[in-house]
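Structure first, commentary second.
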Amino acid sequence: MGGGILTRMGDGERVELDEGEVRRELLDGTRDAAAKGKIPELEASELDQLFEIFAEPGRIVSVPPGEELVVTDDAIADGLVRSEADGGAGMPMDRLACLLAYERGAAADTACTGSEDFSFKPVKAIIDNEMQSQYTRMLSMTIPLFYGALPNLGLYFQPDGPYPNFAELMPQGKIDEARKAQEDAAEALKDDMIFVGERLNEMGCEGLNFDTVASTGDADFYAALEAVRALEKSCPNMPLIVGMASEFVLGMHGKMTFDGEQLAGMFPHDQVKIVEDAGADIFGVAVNVNTSKTTPWNLSRATTFVKHTVAEAKIPVHPNVGMGVCGIPMLLETPIDCVT
Amino acid sequence: MPIAHIMAAGMGGIRASGDLVAWMQMTQKMKLPEAKQYVAEKLGVSILDLTNEDVMYPLREELGIGVVTARAGGPKGILAKAKIASLLGIEINSVELFKRTLAEIG
C-alpha cells in the first residue's frame, strides 16, 4: 500500500486512490446522478464532506453526536437463525431469541421479521401461524417490530403461479398478452397483500414493511401502491414502510399508472411522491451500485439521489443500505470500511 | 453489516432513544429532525442527549419505558410500550389491542 486512500470498487475489491482520484470519482458520481435523474448535483461543501469521510484513516467511520438516525431493516435479526446461503447465519436459536438479541445485544432502533420466503404470496397460506408468532414476539419486545414481505410479482407467473409468463410472451412479440398477464397478476398480488395486511392488523401489527417494491417492474409497483392505499384506510394504526428495489422503475408493462401517473421510469424523487400519496408512512430509497465503479463514485451518486428525494418528501426517508444499494459494495460479506 | 450501521449511525434503540424517535416517524410521519425534537421535548432533554447513555439509561429506568439491561419486574415488552405510547401521546397498534384485552377483564 502506497499511503493513498484505501477504498473499494462496487464489487468490493480493495483499491488505493490518491486524493485527486477520490475527488474526481466523487464529482463524476454526482454528475452521473444529476444527469440521469435531472436533479441538482451535490454542492462543493458536500463533496468535501464526502471526501473527508473517505480520507478518514480509521477503518470505521461514524456520524457526529446529534446526527444519528433511526435504523430500520428487512428482517436482519432473522438472519441469525435463517439458513439460506446468501445471508443466514444458521445458528440454533428461535426467532424470538434472535429479535431479543437484536434489541438488547445490538441495540437496534427497530426490528423486522417475516416468513422464511419473505414474499407475500406464500404468507397467505400460513397467515395464522405468522399472526401468532408475530403476536408473541410483540408482547416481549420493546422496540417497534415490523412484519416484512416482498410483493415479488414474479411468483404469480407460470411455472410458479397461475398467469402466463410475461417474460416468455414478450420475446414472442405478444406484447398485449404480456401486459394482460401482468395486469391480472398485479390484481391477485394486490388482493394477497391486502389480505395479509388486514389479518396482521387484527393482532395489532406494529408496522408492515413492503420490501424490495417494484422488483418485477411497474406492475409490481402498482400492486404495492394499491395495497398501501387500501391498508392505510382499513388499518390506520398500522404504519406502512415502502422500500424500493432500485432507483428506476422498470417498464416491464410500460403503461401502468397510479393516480394518472405513469410508473415506469420513475426515479426516487418521483417514487417518494406517489408512495406518500398512496398513504405510506416511511419511504425506503434504493440507488443501484455500479460494480465496476468505485465506492466514492457510487456513494456520491447515491447521496445525490437521496438528498433530492429527502428534499421532495413529506414523509421520513430511510435509505436502503444493503448489499449493492446506496453505495454499499455488492458482495455477500460487505466490507465494514465501506458500510460505515 | 446492519449491526455496523447501528453502531455507526443508529440512535441506540433502548440503550438511548432510538425506539422512541422511530415511533414518531412510524405513527406520525415525522421526518427525523421533527421526530427528535418532539421526543426531546417530551423527555425534557436536549437532542444531543437523546443518544447519551449516561442521561438516557437512568431516565428510561425512572420512566419505566424499558432499559437494555435485565431488570426483573421492570417494564419491558408490551408494558413498556404502553408507557411509551402514553408518554409520547401516540397510539401503538399492539398496545391498543393489549388495552382492549385488559379492559375485558376489568
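- With sequence neighbours excluded, the residues forming a side chain to side chain donor-acceptor pair (under 3.5 Å) with B/K99 are B/E96, listed by chain and number.
- Contacts from residues 322-329 of chain A to chain B, taken as heavy-atom pairs separated by less than 4.5 Å, involve A/G322, A/M323, A/I328 in sequence order.
- Residue B/L50 does not touch chain A at all, counting heavy-atom pairs closer than 4.5 Å.
- Within the 4.5 angstrom heavy-atom criterion, atoms from both the backbone and the side chain of A/I143 approach chain B.
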Verify side-chain contact (heavy atoms from CB on, under 4.5 Å) between A/T142 and B/D19, making sure each step is shown before the conclusion. CA-CA 8 Å; A/T142 304; B/D19 58 328; 4.1 Å; yes
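- Along residues 60-69 of chain B, the residues that come nearer than 4.5 angstrom to chain A, judged on non-hydrogen atoms, are B/R60, B/I65, B/V68 in order of number.
- Rounding to the nearest 0.5 Å gives a distance of 5.0 Å between CG of A/D281 and NZ of B/K29.
- Interface remark: A/S140 contributes backbone atoms only to the contact with chain B (heavy atom separation under 4.5 Å).
- With rounding to the nearest 0.5 angstrom, the OH atom of A/Y102 is 3.5 Å from the CD1 atom of B/I6.
- Within the 4.5 Å cutoff, no side-chain heavy atoms of B/M26 are placed close to those of A/M238.
- For the pair B/K81 and A/E206, the salt-bridge criterion is met [side-chain N within less than 4.0 Å of a carboxylate O].
- The contact between A/V61 and chain B is made entirely by backbone atoms, counting heavy-atom distances below 4.5 Å.
- Proximity to chain B is absent for every atom of A/E333, based on heavy atoms less than 4.5 angstrom apart.
- For residues 62-75 of chain A, heavy-atom neighbours of chain B at less than 4.5 Å comprise A/S62, A/V63, A/P65, A/G66, A/E67, A/E68, A/L69, A/V70, A/V71, sorted by residue number.
- If you tally non-hydrogen atom pairs under 4.5 Å between each of B/R15, B/M7, B/Q25 and chain A, the highest count goes to B/Q25.
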Check the pair B/K31 / A/V310 against side-chain contact (heavy atoms from CB on, under 4.5 Å), numbers first and verdict last. CA-CA 9 Å; B/K31 293 175 93 170; A/V310 170; 4.2 Å; yes
